[in-house]
2 protein chains.
Amino acid sequence: MKPLSSPILDEKLKEHVLIQYLSRFTTVSEEDAHILLENLDVRSFKKGDILLREGQISPWCYFVLKGCVRQYYLVDGEEKTTNFFTEGTPINLYEGFYKNAPAKYYLVCLEDSYLSVGPPEDTSHPLATKFEPVCRLSSQEESSKYQEMLAMYMIHSPEERYLNLLKTRPDLIERVPQYYLASYLGVTPETLSRIRKRIMSK
Amino acid sequence: MKPLSSPILDEKLKEHVLIQYLSRFTTVSEEDAHILLENLDVRSFKKGDILLREGQISPWCYFVLKGCVRQYYLVDGEEKTTNFFTEGTPINLYEGFYKNAPAKYYLVCLEDSYLSVGPPEDTSHPLATKFEPVCRLSSQEESSKYQEMLAMYMIHSPEERYLNLLKTRPDLIERVPQYYLASYLGVTPETLSRIRKRIMSK
DNA sequence: TTTCTTTCTTGACGAAAATCAATGAAATTG
DNA sequence: CAATTTCATTGATTTTCGTCAAGAAAGAAA
């Protein structure tokens, strides 16, 4: 397991991102928020830090408070980027925690990041029962989101996928190196470069 | 809304599929199973029956007891098949129920099917509280499943995706017309035909 | 700054898939 | 059953993308 850096105590940051996220599924009282933040383990990671390697069985779950985490599979020695987790996104390692199965992919910090780290299910937690439905709602939303992402990927051409990314996640195009985006869109860097050129001249 | 046919009372069928599914997430007592099946609304559908049309706001959730439901998007007048739901699979219409948003896709029965139909969240249900964690676990599994499906789709070529389908869901290749499979794999029917030919001669 | 490395762009060529068109096979219907 | 429709295959051609290779641009480090 990777060494984790020292915990962080920037309450404002946590409040803005995590509490705001939970508020989408329930009403979070001042008091609840306080208890939550007290018990939260927030840690800072450096660009390039590896959260998870292929083959590892990780007991951790993450929530991105700040920064960006890239997911990739290693096939024939080549990195295939499949996801970017940014601010306000949960990273659930279902296989590791529930099925005790080794991960098939890597998780790496693309930027210096603040992540909240913890086991997905802490029944001893003072708010565990209250937040059970919140976890369900969050999971349902995640499930629905990924179903739609899959469908959108299946339906569209690489050029359409790039235009889609421009609309839905314009920040990614700014902060992520283009050859990672290319992989994420399912094309080579050369092709993405040409797609961009094609679009510009319109 | 489509007219639903009359309810079914084949207890054995229900037990085999739904209770078995729930047992993956909790221990279901004889008594629980009985209460569940009593309250279950199972309905029969004919091949071609439409469960959901683009633009509809559906309050229903489904669980496939028997048969197959195809999901597709309509783009430029063309059907793009994005999923096949078969025995033991939940069909959650998150957008419709939680976000009150119109569906972007269609759901059609590919075969005569038995589906359990119901709202996803019936708090008055006698087992609602007990099954809250089950719903969460199920959603988490679904979420993880679709994340992996998306990654696998992104990573592999059409030929690899077909070989993958042969391994993971060989039943689909038997029961689903090839031009639907082609769409699902992201290629034209002609290309799938050639992929199969290529594979045969090895 | 200069150098070195990394990332992006461009061109030439080959491979794979889409498209168009025709034919054959299989299923459905009267 | 034949007639019709639907679906699968095959061939010829075009389009798109991948691969290889060479530079250009942009950052990072000395």
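Treat the numbers as computed from the prediction; the structure is a model and nothing was measured. Throughout, protein chains are lettered first and strands after them, A, B, ... in sequence-line order, and every chain is numbered starting at 1.
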Asker: Find the distance B:L185:CG to C:dA16:C1' and express it as a whole number of Å.
Answerer: 16 Å

Asker: Quick one: do A:E148 and B:K104 make a salt bridge, cutoff under 4.0 Å?
Answerer: yes

Asker: Rounded to whole angstroms, how far apart are NE2 on B:H156 and P on D:dC17?
Answerer: 21 Å

Asker: For the pair made of CG in A:L192 and P in C:dT10, what is the distance, rounded to whole Å?
Answerer: 12 Å

Asker: What nucleotide, of C:dA18, D:dT9, C:dT10, holds the atom closest to the side chain of B:T191?
Answerer: C:dA18

Asker: If the threshold is 4.0 Å, N to carboxylate O, is there a salt bridge linking A:K66 and A:E111?
Answerer: no

Asker: Just the rounded figure in Å: distance from C1' of C:dA27 to CZ of B:R175.
Answerer: 19 Å

Asker: Does OP1 or OP2 of C:dT9 have a side-chain N or O of A:K197 closer than 4.0 Å?
Answerer: no

Asker: Please determine whether a side-chain nitrogen of the Lys or Arg among A:K197 and A:E159 lies less than 4.0 Å from a carboxylate oxygen of the Asp or Glu.
Answerer: no

Asker: From CD1 of B:I199 over to C1' of D:dA8, roughly how many Å is that when rounded to an integer?
Answerer: 16 Å

Asker: Nearest whole Å is fine: how far is C:dA16 C1' from B:I195 CD1?
Answerer: 10 Å

Asker: For the pair A:R43 and A:D41, find out whether any cationic side-chain nitrogen is under 4.0 Å from an anionic carboxylate oxygen.
Answerer: yes

Asker: Which nucleotide in the set D:dA12, D:dA8, C:dA17 lies at the smallest distance from any side-chain heavy atom of B:R194?
Answerer: D:dA12

Asker: What's the closest nucleotide to the A:R198 side chain, out of C:dC8, C:dA18, D:dC17?
Answerer: D:dC17

Asker: Starting at the 5' end of DNA chain D and moving along, which residue's nearest nucleotide shows up first, B:E190 or B:Y179?
Answerer: B:Y179

Asker: Check the distance between D:dA8's C1' and B:Y162's OH and give it to me in whole angstrom.
Answerer: 13 Å

Asker: Among D:dT19, C:dT10, D:dA12, which is the nearest nucleotide to the side chain of A:T188?
Answerer: D:dT19

Asker: So, is the end of the A:R70 side chain (NZ or CZ) under 6.0 Å from the ring centre of A:F85 and within 45° of the ring's axis?
Answerer: no

Asker: Of the nucleotides C:dA12, D:dT10, C:dC8, which has the atom closest to the A:Q178 side chain?
Answerer: C:dC8

Asker: What is the separation between atom NZ on A:K80 and atom C1' on D:dG18, rounded to the nearest whole Å?
Answerer: 11 Å

